[in-house]
Amino acid sequence: MSAVVPNPTDRLGRPFADLRISVTDRCNFRCTYCMPREAFGASYRFLPRSEILTFEEIERVAGIFARLGARKLRLTGGEPLLRHDLPGLVRRLATATRLDLALTTNGSLLAEQAAALAGAGLGRVSVSLDSLDDEVFRRMNDVRFPVARVLAGIRAAEEAGLAPIKLNAVIRRGLNEDAIVPLVERFRGTGHVVRFIEYMDVGATNRWRLDDVVPAREILERLRARFELEPLDPGYRGEVARRWRLADGSGEIGIIASVTAPFCGDCTRARLSADGHLYTCLFAAAGYDLRAPLRAGADDAELEALVRSLWAGREDRYSELRAGIGGRPARIEMSYIGG
Ligand code: SAM
Ligand code: SF4
Ligand code: SF4
């Protein structure tokens, strides 16, 4: 019997526990807080196909992270459903890693793909949904995409057995504060969990200002004015959302206060970009190139040792330091690394 090697732990005592894999840096939306069209226009250079990890390469890297003790693997992007044959990738990963597999999507193509994804072994899906008001939703995705098609995608996911679904809304001052209560009203009784996310200063293109953040405290006040809420304990170490249940038992909500109540102390997440770079923080300026050794023929043991040593040297805690940093240091875009 081989000895069990524990998950690597970083310099701040945080174990590695989950991996997000971005499968493309492209997206069919231009959400103003993520891919503003001024920055992601016709001249923007997306990753060429040759630089993007193939399914075989993703499967190998995922296998290495599974051996390092990953308990969860989430596929993201850009918009992951734009990647050709995503169900094919899900099938490979489900077979090779046997990990809990999840997907984060804008939901625009979910109606067409939900059944194939579930059939391939996807366990869970999170859908980004910033408003139920069609005009507000179109303004936020900035490609005039109708909310009804995302709602059809959510229904298809339910029918395919991908429920309960997490519905994530980024709340931005002056744009969609009025979406908070209707989102909870709409999904109470369905078993789905609505989560509200503070608008973050990710990337370098969204012209983030602290004034545009609707703090978690205010989101909660709006909810409390309408619903009776009871706090819930975190589901597991590293859970980023603070959770509440509706006192009548009709639903659960979460609030992710990345700006006003950072949770770096419990951050157990690694991120892999579509071109095979490993990031140990959402706000990192640079990643570690895993694709080069992968394509140069490194074996699994070498790659595993490399990732172990990278995690062991990790000391990121950007959100806790944010207030003292000032300015806006260089960093990767959310659409590249996947949130
Ligand atoms: N395209 C997919 C989607 O929208 O679900 C997956 C990738 S997207 C980058 C992942 C998540 O990041 C989405 O839920 C999105 O709302 C969130 N996000 C993007 N920019 C953000 C920002 N500036 N602040 C907070 N969340 C952000
Ligand atoms: Fe695309 Fe998701 Fe970013 Fe919106 S949040 S632009 S859907 S990657
Ligand atoms: Fe994790 Fe970096 Fe976010 Fe802190 S700022 S919670 S270390 S990703």
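Numbering of ligands and ligand atoms starts at 1, following listing order.
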With a 3.5 Å cut-off and no angle check, do the side chains of Asn176 and Ser131 form a donor-acceptor pair?
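There is no such pair between these side chains.
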
State if Ser22 counts as touching ligand 1 under the rule of any non-hydrogen atom under 4.0 Å.
no

In total, how many protein N/O/S atoms does one find closer than 2.8 Å to atom 4 (Fe) of ligand 3?
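There are 1 of them.
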
Are any of the heavy atoms in Gly78 under 4.0 Å away from ligand 2?
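Per 4.0 Å heavy-atom rule, Gly78 contacts ligand 2.
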
Pick out which of Glu230, Glu252, Glu228 makes a salt bridge (Lys or Arg N to Asp or Glu O under 4.0 Å) with Arg245.
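Passing option: Glu230.
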
Answer side chain, backbone, both or neither: which part of Thr105 comes under 4.0 Å from ligand 1, heavy atoms only.
backbone

Which residue supplies the protein heavy atom nearest to [atom], what is that atom called, and how far is it?
atom: atom 3 (Fe) of ligand 2; result: Cys34 SG, 2.4 Å
atom: atom 21 (C) of ligand 1; result: Tyr33 CD1, 3.5 Å
atom: atom 24 (N) of ligand 1; result: Met200 N, 2.9 Å
atom: atom 4 (Fe) of ligand 2; result: Cys31 SG, 2.3 Å

Side chain, backbone, both or neither: the part of Cys27 lying under 4.0 Å from ligand 2 by heavy atom:
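Under 4.0 Å from ligand 2, Cys27 contributes side-chain atoms alone.
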
How long is the straight-line distance from CD1 of Ile255 back to CD of Glu198, given to the nearest 0.5 Å?
8.5 Å

Which atoms of ligand 1 sit under 4.0 Å from any heavy atom of Val170?
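So the answer, numbered in order with elements, is 16 (O), 25 (C), 26 (N), 27 (C).
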
Under 3.5 Å between any N/O of [X] and any N/O of ligand 1: does that happen in this structure?
X: Ser335; answer: no
X: Val202; answer: no
X: Ser128; answer: yes
X: Gly78; answer: yes

Salt bridge Arg222-Asp178, side-chain N to carboxylate O under 4.0 Å
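Looking at Arg222 and Asp178, the cut-off is met.
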
Salt-bridge test for Arg45 and Glu51: reply yes if a basic N is under 4.0 Å from a carboxylate O, no otherwise.
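Yes.
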
Arg271 heavy atoms, cut-off 4.0 Å: which ligand 3 atoms fall inside?
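Close to Arg271: 8 (S).
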
Is the number of heavy atoms from other residues, nucleotides or ligands under 6.0 Å of Arg138 CZ greater than 12?
yes

For residues Phe145 and Phe29, establish whether the separation of their ring centroids is below 6.0 Å.
yes

Quick check, are the ring centers of Phe65 and Phe16 under 6.0 angstrom apart?
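Aromatic pair counts; centres sit under 6.0 Å.
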
pair Tyr279-Tyr336: side-chain heavy atoms closer than 4.5 Å
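Yes, close enough: below the 4.5 Å cut-off.
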
Check whether NZ of the Lys or CZ of the Arg Arg172 lies under 6.0 Å from the centre of the six-membered ring of Tyr199 and within 45 degrees of that ring's axis.
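Satisfied, under 6.0 Å and within 45°.
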
Could you tell me how the ring of Phe46 sits relative to the ring of Tyr44: parallel (under 30°), tilted (30 to 60°) or perpendicular (over 60°)?
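Perpendicular, since the angle between the ring planes exceeds 60°.
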
Regarding atom 17 (C) of ligand 1: of the candidates Lys166, Arg74, Met334, which has the closest heavy atom?
Met334

